[in-house]
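Quantities reported herein were computed from a predicted structural model and do not represent experimental measurements. Both counts, for ligands and for their atoms, begin at 1 and track the order of listing.
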Amino acid sequence: MYLVTAAEMGQLDRLASSEYLIPSIVLMENAGLRVVESIRRHFQERVKNRRILIFCGKGNNGGDGLVVARHLLNQGAEVKVFLLARPEDMRGDARTNLEIYQKMGGRLYPILGENHLQRADIALLYADLVVDAIFGTGFKGAALGLPASVITMINKANRHTVAVDVPSGLEADTGRIFGPCIQATWTVTFALPKLGLVVEPGASFTGRLEVADIGIPRKLVEDQGLKTHLLTADWCRANLPGRKTDAHKGVYGHVLAVGGSPGLTGAITLTATAALRAGAGLVTAAVPKSLHEILETKTTEVMTCPLPETAAGTLSREALNPILERLDQCNVLALGPGLSREPATVELVKELLPHLKVPAVVDADALNALATDPGILAGNHGPLVLTPHPGEMARLIGTTAARVQEERLETARRYAREWRVALLLKGARTIVAWPDGQTFINPTGNPGMATAGSGDVLTGIIAGLIAQGLEPGTAAALGAYLHGVAGDLGRAALGQHALMAGDLLNFLPAAFRNLEVDAGDAAGLGRG
Ligand SMILES: NC(=O)C1=CN([C@@H]2O[C@H](COP(=O)(O)OP(=O)(O)OC[C@H]3O[C@@H](n4cnc5c(N)ncnc54)[C@H](OP(=O)(O)O)[C@@H]3O)[C@@H](O)[C@H]2O)[C@@H](O)CC1
Ligand SMILES: Nc1ncnc2c1ncn2[C@@H]1O[C@H](COP(=O)(O)OP(=O)(O)O)[C@@H](O)[C@H]1O
Ligand SMILES: [K+]
């Protein structure tokens, strides 16, 4: 599903009117009607006598709110409109809808000063629902003064609140909040979701998100060349690697997982096991030779391979050729889990990356090694997926994790394009940016996944999907989605505190099953 900025949405609205002759007031009417339908569903279609307060701003968002008000009035609800503007300041379609509402005898209460707040505050005590139509995509910066007081008052009333298009106080483009913001129970956004509704902190203020069709022609949307997408189950389902009835394990590829160091054998174990869970045919874990027996003990289906090591028991530079030889029989490398930052091991990573002929998922300490010499990626390199968390991303581009978190989308998009890699930036609402600019935001996952080894599992899932023939960028997006679904299933069963990385492996089958279309697949009968 495409995601848009306020400007892109405004462009769509304008072109719908100018190129497709759809009057803007028709778009506003459609928007209002979609909100009314959503409110009816909220009340199981019984809106009669419901006490509904509608807070309207002076712009078109307020206009939407006035459309909502008059239709609810017509349907027998007890409606009160609180208008944060003087009627004479209203313009265009919003003004028209204000006048229609007034002609219908709708109750209208101006909020032009703090002295008007009390009436609204009392009404809030008895309200069955609050409709937030104060600010939409036209909002910038921070709500101050009276709007800030109104937003704070509404939040304090703690009533069910539906936000029209965007929760008021939220920047539609970034999801950032600089002042009070409506805490919506749910949001009805028009035509396409705005970026700020699906990334934190905006996503938390948005509540449950409904995307309402207001009649913007689909072809117009397709012709816009939009590059940002919200990952959906449908998209993931369409990109799941198939399973042929006459398949053999070689068909599903062979992952070479390289990593491990004393005390960090768990990371490489999680990655290797996750690759199998994700459906790879074969997986080999290549580790420093003194850890080889531990891996043999910790794994069963995973094959293992001892490699030359340093005195510290980490992979040494002599491991380069054995790894390259092993890669001749593999079709994807997972590099980094538990690797350590031993200088010789860092050198090994820097020598290995430019020689790769197969796709590689580069994670954890391999990223830290890359950060010591970013120019490594300047030359030609195989298709890479980098999976940094904000700290590792900060090291890669020489900034701070806080700065990365302020500009997650642009940071990921810029790095992917500059270094021609698929860049997966972990964290709440993981971002997957492809070299061509296509960018995906993952809505699945939860804070229970902020636990040691969770990223190692993701690395394995992505490598396992590439092993089965998926393009690296597609595998990164699909992997992030499945990883998050496994985390959500894990949270439902175990809670957020108890969830551990190993649990993600146990819930991965259910995450796949949720996506597989027909029961046949789920029973492992294989797709014909
Ligand atoms: N055809 C269409 O276009 C359709 C549009 N639709 C609807 O229109 C909405 C966009 O409407 P919009 O562009 O009028 O802006 P909106 O969000 O109502 O803001 C109102 C005013 O807020 C003000 N303001 C801004 N920042 C502020 C701040 N920090 N603190 C205080 N005030 C601030 C700013 O005032 P100004 O800066 O101009 O003085 C602005 O004029 C969109 O979300 C959707 O709901 C639908 O009907 C579908 C069809
Ligand atoms: N608050 C959160 N919401 C959703 N997912 C999260 C959250 N915190 C962490 N995660 C996910 O958990 C994983 C953490 O990975 P990482 O930090 O690399 O852990 P480790 O290095 O211990 O394996 C990432 O996939 C990240 O997206
Ligand atoms: K709003």
Any N/O of [X] closer than 3.5 Å to an N/O of ligand 2?
{"X": "Ser454", "answer": "yes"}
{"X": "Met449", "answer": "yes"}
{"X": "Gly455", "answer": "yes"}

Under 3.4 Å from the K ion (ligand 3), is there an N/O/S atom belonging to [X]?
{"X": "Phe135", "value": "yes"}
{"X": "Asp132", "value": "yes"}
{"X": "Pro167", "value": "no"}

Using a strict 4.0 Å threshold on nitrogen-to-oxygen distance, state whether [X] and [Y] make a salt bridge.
{"X": "Arg403", "Y": "Glu406", "answer": "yes"}
{"X": "Glu200", "Y": "Arg408", "answer": "no"}
{"X": "Arg218", "Y": "Glu222", "answer": "no"}
{"X": "Asp64", "Y": "Arg34", "answer": "no"}
{"X": "Arg395", "Y": "Glu392", "answer": "no"}
{"X": "Lys194", "Y": "Asp165", "answer": "yes"}

* Asked: Between Asp456 and ligand 2, which part of the residue brings a heavy atom under 4.0 Å of the ligand: side chain, backbone, both or neither?
  -> both
* To do: For the residue pair Val162 and Thr185, establish whether any side-chain heavy-atom pair is separated by less than 4.5 Å.
  =>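 Val162 vs Thr185: side chains apart.
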* Are side-chain heavy atoms of Leu458 and Leu424 found at a separation under 4.5 Å? -> yes
* Asn442 versus Thr430, side-chain donor and acceptor atoms under 3.5 Å ->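 Judged by distance alone, the side chains do not pair up.
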Please identify which atoms of ligand 2 are closer than 4.0 Å to at least one heavy atom of [X].
{"X": "Gly445", "answer": "4 (C)"}
{"X": "Ala428", "answer": "1 (N), 2 (C), 3 (N), 4 (C)"}
{"X": "His483", "answer": "25 (O)"}
{"X": "Asn446", "answer": "2 (C), 3 (N), 4 (C), 5 (N), 6 (C), 7 (C)"}
{"X": "Ala452", "answer": "22 (O)"}
{"X": "Thr430", "answer": "27 (O)"}

Starting from [atom], locate the nearest protein heavy atom and write down its residue, its atom name and how far away it is, to 0.1 Å.
{"atom": "atom 10 (C) of ligand 1", "value": "Thr137 OG1, 3.3 Å"}
{"atom": "atom 4 (C) of ligand 1", "value": "Asp13 OD2, 3.4 Å"}
{"atom": "atom 22 (O) of ligand 2", "value": "Gly453 N, 2.9 Å"}
{"atom": "atom 48 (C) of ligand 1", "value": "Ile214 CD1, 3.8 Å"}
{"atom": "atom 24 (N) of ligand 1", "value": "Phe135 CE2, 4.0 Å"}
{"atom": "atom 28 (C) of ligand 1", "value": "Phe139 CE1, 3.5 Å"}
{"atom": "atom 9 (C) of ligand 1", "value": "Asn61 N, 3.6 Å"}
{"atom": "atom 39 (O) of ligand 1", "value": "Lys58 NZ, 3.3 Å"}

* **Heavy-atom donor-acceptor pair, Thr474 side chain to Leu470 backbone, under 3.5 Å** =>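 No, the answer is negative, given that no donor and acceptor are paired below the 3.5 Å cut-off.
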* So, does Arg159 use its side chain to make a donor-acceptor pair with the main chain of Ala127 at under 3.5 Å? -> yes
* Before signing off on this row, confirm whether Lys140 and ligand 1 have an N or O atom pair separated by under 3.5 Å. =>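 Yes: some nitrogen or oxygen of Lys140 is under 3.5 Å from one in ligand 1.
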* Asked: Does Gly138 reach ligand 1 with a nitrogen or oxygen that is under 3.5 Å from one of the ligand's nitrogen or oxygen atoms?
  ->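 The answer is yes, given that Gly138 and ligand 1 share an N or O pair closer than 3.5 Å.
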* To do: Show your working on ring-ring contact (aromatic ring centres under 6.0 Å, His included) between Trp186 and His160 and close with a plain yes or no.
  => CA-CA 8 Å; Trp186 83 100; His160 278 145; 7.4 Å; no
* **Close aromatic pair by centroid cut-off 6.0 Å: Phe440 and Trp434** =>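 When the ring centroids of Phe440 and Trp434 are compared, they turn out to be within the sub-6.0 Å range.
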* **His229 ring center within less than 6.0 Å of Tyr2 ring center** =>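 Ring centres of His229 and Tyr2 closer than 6.0 Å.
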Option set [options], criterion heavy-atom distance to [atom], minimum:
{"atom": "atom 43 (O) of ligand 1", "options": "Leu27, Val188, Asp165, Asp89", "result": "Asp165"}
{"atom": "atom 24 (C) of ligand 2", "options": "Lys426, Glu392, Arg429, His389", "result": "Lys426"}
{"atom": "atom 44 (C) of ligand 1", "options": "Ile25, Ile22, Asn60, Asp64", "result": "Asp64"}
{"atom": "atom 30 (N) of ligand 1", "options": "Gly62, Ala142, Ala31, Gly141", "result": "Ala142"}

* Mind checking the NE2-CZ spacing from His42 to Arg208? Nearest 0.5 Å is all I need. =>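 Those atoms lie 9.0 Å apart.
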* Heavy-atom neighbours of Met1 CE exceed 12 at 6.0 Å -> no
* **Arg429 atom CZ, over 12 foreign heavy atoms within 6.0 Å** => yes
* Right, does atom 18 (O) of ligand 1 have protein non-hydrogen atoms nearer than 4.0 Å? -> yes
* At the K ion (ligand 3), what's the angle from Ser168 OG to Val164 O, rounded to 10 degrees? ->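 The OG/O angle about the K ion (ligand 3) sits at 170°.
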